[in-house]
**Q** 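For reference, the structure I am asking about is given below.
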Amino acid sequence: MLKKELPKAYNPADYEDAIYAQWEKSGFFNPDNLKGDPYSIMMPPPNVTGVLHLGHALENSLMDIMARYQRMNGKKVLLLPGTDHAAVATQAKVEKVLVEQGMKNPRQELGREKLLEKIREYAEDSKSTILKQIRKMGTSCDWSRLAYTFDEARGRAVNEVFIKMYNDGLIYRGNRVVNWSVKGQSTCSDDELVHVERPAKLYTFKYAKDFPIAVATTRPETKLGDTAVAVNSKDKRYKKYIGQVFKVEVGAAKPLEIKIIADENVEMEFGTGAVGVTPAHSMVDFEMFEKQKAKGDNIGLVQVIGQNGKMTEAAGKEYAGLTVLEAREKFIDWLNKEKLLEKEEDITQNVGTSDRFGDAVEVLPMTQWFIDVNKKIPNKDKSLKDLMREAVTIGHNGDDKQKVKITPDRFAKVYLNWIDNLRDWCISRQIWWGHRIPVWYKKEEIYVGEKEPGDGWKQDEDTLDTWFSSGLWTFSTLGWPASAKATADKPVKTSDLKTFHPTSWMQMGYEILFFWMARMILMSTYALDQIPFKDVYIHGMLRNEMGKKFSKSSGNNLNPLEVAAKFGTDALRLSLISGIAPGNDSKFYEEKVEGARNMVNKLWNISRFIIGNNQLPITNFQLNAKKITLADKWILSKISWLIYETSINCLENYQFSQAGEELRIFTWNDLADWYLEISKFEDNKEKEEILIYILSELLKLWHPFIPFVTETIWQEMGNKGLLMVEKWPDRKGSDFNFKVSVEFDLIKDIIIAIRNARSGNKVEPAKKIKAVIYAGKQKDLIDSQVHLIKGLRTGISELKIKVSGEKISGAIYAAVGDIEIYLLGAVDAEKEKARLEKEISNLEKIIKAAESRLANKEFIDKAPAEIIKKEKEKLKGWQAELKSLKSK
RNA sequence: GGACGAUUAGCUCAGAUGGUUAGAGCGCCUCGUUUACACCGAGGAGGCCGUGGGUUCAAUUCCUACAUCGUCCACCA
């Protein structure tokens, strides 16, 4: 066999690229080359606004662990990669760059086509960097199915859904108030707002001296557009005014006609108990306006702020053209002059700002495209909201199999709460980078369709909210709609949809729960009548040592590729998934990666030792050891347990951190620290066989987490095939031998005690007493103890064993020179007896309680069968324990 | 205002459907020139599991109240 001298330390850079190339070339990233049940994961497409950050690195690690695990378990795994054009984000970013380069207004100066060209260049550049980075992370995705939210195939899907929704009456064009970013000159959805707390002034005033009700506002300038005052109908002070209209002159173009209306949402106790209603510049007020309108009462809507952020003509001659702030001052001056201002208070206020452009948004009435989330879908008697709710509660159409399982489940509550507050979704944007709305106009005519219907038609200028296309991601990537195939820039297999949808597993950060998860559920249940994924794992955010978010703007961005270059991709991956719990934020810092790097190196050196010392052929290995010792039994028992733990308990339940922990404990504390040491003096054919077996299985278990180093070692062993597609070890959890484990732990204790004694450390016998009683009854065990104690770096060559009968039940003494080590013997009979008695009485109590519970008829009748079964099992265990205790 | 999360070793964090001795990594202390590894080895110290109450034979775990920190949603006009 081949004996290669491996370097002392594992140097990732020497192997990673070649290994990835090998994987890719093998074709096993592509499910078409795999057999078995389909298993699909759609990569959340990173925005083409920049490069990958640590969050992406975490996501890639999580997805790849699942993909590799499932692949090794014989699944036909599709991990589909892609990128997102990130409409507003990308355009905002490029515009910012252009402005920094000296352009004043890129949109005006370049025009639509040229600006789009610039953005496209930027996006393509960013995209290619991102794709390289994904490779670098070792992600085993199918590059042949690479998708982009803004490519032709995805564009087809977008149009198809838009048209379908329009025809179903779910998409409408309406004049409603929207969030408007003056800086970005575009709308944004409610979810795109970032609320910032700011100090503000709250003014209480009356519109006129003879106006009966005072109102309060932080935005006096908008009051030029008030059309009503809302009060609670139960409010005795104001009840008499309800329905009356007051004409007041405040300086606007026309005198305001303020109608007093009733609204149950107005709190009587707060402020003056009355609200000045500005339908044009407040979401809530607009809703009141609509409510009144539905009752047949049009209170009117006056827009006093324009899209340029300046006051309109309607605000009056004095005000038109002023900025919002100038107008505010002017209005306050006027109120003061007229002695209408009653109060001025300092308060803090939450202001909605544009996520991408950063300015405080203005609420304005505009004609935009909306998705109606409350309207019943034709032939369904359900609204989109209903669909979104159903998917996580009773399952789509009440089908339990079509239910999205959210891990951790508390996010289901957050999600449902969000749906309750959801307003119609404004989907049109006035930016250019994005899917253009497939609607055409010719004079008064309107046509909704993919291509212009003939001469003289003009397409809608607006583009779609980027989440519209992201919402289709799970199926637009799988060849939906079928016609996408013809025009796709890449061949798309339409059969994919049938095979891989609903997708098996999805992961994402909680910050895009509403943006993305909700929209995917909406789109998929509506368009396909299927949930988008069965399982969704929500991860937390990564923060730096100070607990701050990593962000480019704050300059504390850690580049995952630099970390990977320094410590290796495996170390980065392992450190990212260590110590995390689903949905919880975690801190990330370099020391963590260092620890993971050390782990990787440890595995490398274990392998180096096993490969280097072995005389047997180590490929295609089958365990056949016949003569085995206690240590052999122990390690085989342990790895059997490890296989069970990592597969069933951890990975099947998305306990990634736990899996890594279990693997590390076995590898370092059990295998390296004990078994490898034992193998140095119990050197025989059986040991070698077992070592190869253990290493092979261990590499498989580690592979999803640290794919590069495991694959490298696998090949250094001389294996022909790729570890990536090796069969996952059989889960024979039952092979775990508790007795052997206890016996071996005893030996460990003895050896540790000897080492302590020799190094002058104190011995604590209490812990060992229990063990010795156990040992005393077994000749074999004593022999193996002697053997191991002699062998394992204790410096002991002579061992005096004394097994006594009654007084000391099985004590072991080890004599080293003139030191007589008092290890396990000399059981203090009294103490031991007391201890046993306490334990027995404790157990008896427990058993009694359990028995009475099982005897309770109510409990038997009402408790689920499973619980009763468990209770019985527990009871049995306790009873057995009690018996064994009593026998002592 | 509503909801959710966190509170466990010096630091960063796991964990237990309630059960005998609560874990890891890092850090710290002592020891170690062993041929897989100093990216190492051996050992050790260090915890009223946030506070009060309740349920229970048994609570750090379940319930409840509170405190502190954090997040999301709604926004009071």
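Remember, predicted model here, so these are calculated numbers, not experimental data.
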**Q** On a whole-Å scale, what distance lies between the P atoms belonging to B:A9 and B:G23?
**A** 14 Å
**Q** How would you label the contact of A:T218 with the nucleic acid (heavy atoms, under 4.0 Å): base, sugar-phosphate, or nothing?
**A** sugar-phosphate
**Q** Tell me whether A:D570 contacts the main-chain N or O of A:V709 through its side chain, where contact means a donor paired with an acceptor under 3.5 Å.
**A** yes
**Q** Could you run down nucleotides 1-10 of chain B 5' to 3' and tag each one B, S or - for protein heavy-atom contact under 4.0 Å?
**A** ---SS-----
**Q** Within this structure, what is the CE-to-C1' distance between A:M599 and B:G25, rounded to whole angstrom?
**A** 12 Å
**Q** May I have the distance from A:K602 (atom NZ) to B:C37 (atom P), rounded to whole angstrom?
**A** 10 Å
**Q** Take the angle between the ring planes of A:F211 and A:Y207 and call it parallel below 30°, perpendicular above 60°, tilted in between.
**A** perpendicular
**Q** Toward the 5' end of RNA chain B, which comes first, A:K8 or A:M268, by nearest nucleotide?
**A** A:K8
**Q** Counting N and O atoms only, with roles assigned by atom type, does the side chain of A:N544 sit under 3.5 Å from a partner on the main chain of A:K587, one being a donor and the other an acceptor?
**A** no
**Q** If I pick the P atom on B:A45 and the same atom on B:A22, what distance separates them, to the nearest angstrom?
**A** 13 Å
**Q** Quickly work out the A:E287 CD to B:A77 C1' distance and round it to whole Å.
**A** 14 Å
**Q** So if I take every side-chain heavy atom of A:L676 and compare against B:A36, B:A14, B:A77, which nucleotide ends up nearest?
**A** B:A36
**Q** Using a cut-off of 4.0 Å on non-hydrogen atoms, how would the nucleic acid contact of A:D673 be classed: base, sugar-phosphate, or nothing?
**A** sugar-phosphate
**Q** Can you identify which nucleotide, out of B:A14, B:A36, B:C75, has its nearest atom closest to the A:N350 side chain?
**A** B:C75
**Q** In whole angstrom, what separates A:Q658's CD from B:G25's C1'?
**A** 14 Å
**Q** Quiz question: by atom type and distance under 3.5 Å, do the side chains of A:D191 and A:W418 form a donor-acceptor pair?
**A** yes
**Q** Between A:D263 and A:N232, do the side chains contain an N or O donor and an N or O acceptor separated by less than 3.5 Å?
**A** no
**Q** What is the distance, rounded to the nearest whole Å, between atom NZ of A:K201 and atom C1' of B:A77?
**A** 18 Å
**Q** By the 4.0 Å heavy-atom rule, please label A:R219 as base, sugar-phosphate, or nothing.
**A** nothing
**Q** Could you measure between the two P atoms, the one in B:U20 and the one in B:G5, and give it in whole Å?
**A** 26 Å
**Q** Mind checking the C1' distance from B:G15 to B:U55? Whole angstroms is fine.
**A** 23 Å
**Q** Within the structure, does a side-chain N or O atom of A:R423 lie under 4.0 Å from either OP1 or OP2 of B:C75?
**A** yes
**Q** I want to confirm an ordering. Mapping A:V284 and A:A9 to their closest nucleotides on RNA chain B, which one lands closer to the 5' end?
**A** A:A9
**Q** Rounded to whole angstrom units, what separation is found between the CH2 atom of A:W674 and the P atom of B:A36?
**A** 18 Å
**Q** Does any donor atom in the side chain of A:N584 or A:Y510 lie under 3.5 Å from an acceptor atom in the other side chain?
**A** no
**Q** For the residue pair A:Y10 and A:W604, categorise the inter-ring angle as parallel (less than 30°), tilted (30 to 60°) or perpendicular (more than 60°).
**A** tilted
**Q** Please report the distance separating the P of B:A6 from the corresponding atom of B:G50, rounded so that it comes out in whole Å.
**A** 12 Å
**Q** Look at all strands and tell whether A:W668 reaches a base, only sugar-phosphate, or nothing, counting heavy atoms closer than 4.0 Å.
**A** sugar-phosphate
**Q** Distance check: side-chain N/O of A:Q349 vs OP1/OP2 of B:A77, anything under 4.0 Å?
**A** yes
**Q** Please evaluate residues A:T218 and A:Y203 with respect to the criterion side chain to side chain contact (heavy atoms under 4.5 Å, CB included), reporting the C-alpha separation (whole Å), side-chain torsions for both, the decisive distance (0.1 Å), and the verdict.
**A** CA-CA 6 Å; A:T218 53; A:Y203 302 95; over 6 Å; no
**Q** Select base, sugar-phosphate, or nothing to describe what A:I665 touches, counting heavy atoms under 4.0 Å on all strands.
**A** nothing
**Q** Quick one: CG on A:D285 to OG1 on A:T227, what's the gap to the nearest 0.5 Å?
**A** 8.0 Å
**Q** Using the C1' atom as the point on both nucleotides, what is the distance between B:U7 and B:U12, in whole Å?
**A** 14 Å
**Q** Would you mind reading off the distance between A:M283 atom CE and B:C73 atom C1', rounded to a whole angstrom?
**A** 15 Å
**Q** Is the phosphate of B:C11, meaning OP1 or OP2, less than 4.0 Å from a side-chain N or O of A:K587?
**A** no
**Q** Remember a base hit wins even if backbone is also touched, and classify A:A672 as base, sugar-phosphate or nothing at under 4.0 Å, heavy atoms.
**A** base
**Q** Using the P atom in both, what is the distance from B:G41 to B:G27, to the nearest Å?
**A** 12 Å
**Q** So A:V302 and A:L256, side chain to side chain contact (heavy atoms under 4.5 Å, CB included) or not? Walk me through it.
**A** CA-CA 9 Å; A:V302 182; A:L256 301 185; 5.7 Å; no
**Q** With C1' as the reference atom in both, quote the distance from B:U60 to B:U71 in angstrom, rounded to an integer.
**A** 25 Å
**Q** Would you mind writing out the side-chain donor-acceptor pairs for residues 659-669 of chain A within the sub-3.5 Å range, not counting sequence neighbours?
**A**
from: A:E662; atom 1: OE2; to: A:Q658; atom 2: NE2; distance (Å): 2.9
from: A:T667; atom 1: OG1; to: A:L663; atom 2: O; distance (Å): 2.6
from: A:T667; atom 1: OG1; to: A:W702; atom 2: NE1; distance (Å): 3.0

**Q** Take A:I538 and A:T407 through the side chain to side chain contact (heavy atoms under 4.5 Å, CB included) test and state the conclusion after the steps.
**A** CA-CA 6 Å; A:I538 309 291; A:T407 308; over 6 Å; no
**Q** Rounded to whole angstroms, how far apart are CZ on A:R664 and P on B:C13?
**A** 17 Å
**Q** Reading RNA chain B 5' to 3', what string of ( ), [ ], | and . shows its pairs, if Watson-Crick and G-U wobble pairs count only when both distances fall under 3.5 Å?
**A** (((((((..((((.....[...)))).(((((.......))))).....(((((..]....))))))))))))....
**Q** Select one nucleotide: of B:C39, B:A77, B:A74, the one nearest the side-chain heavy atoms of A:A216.
**A** B:A77
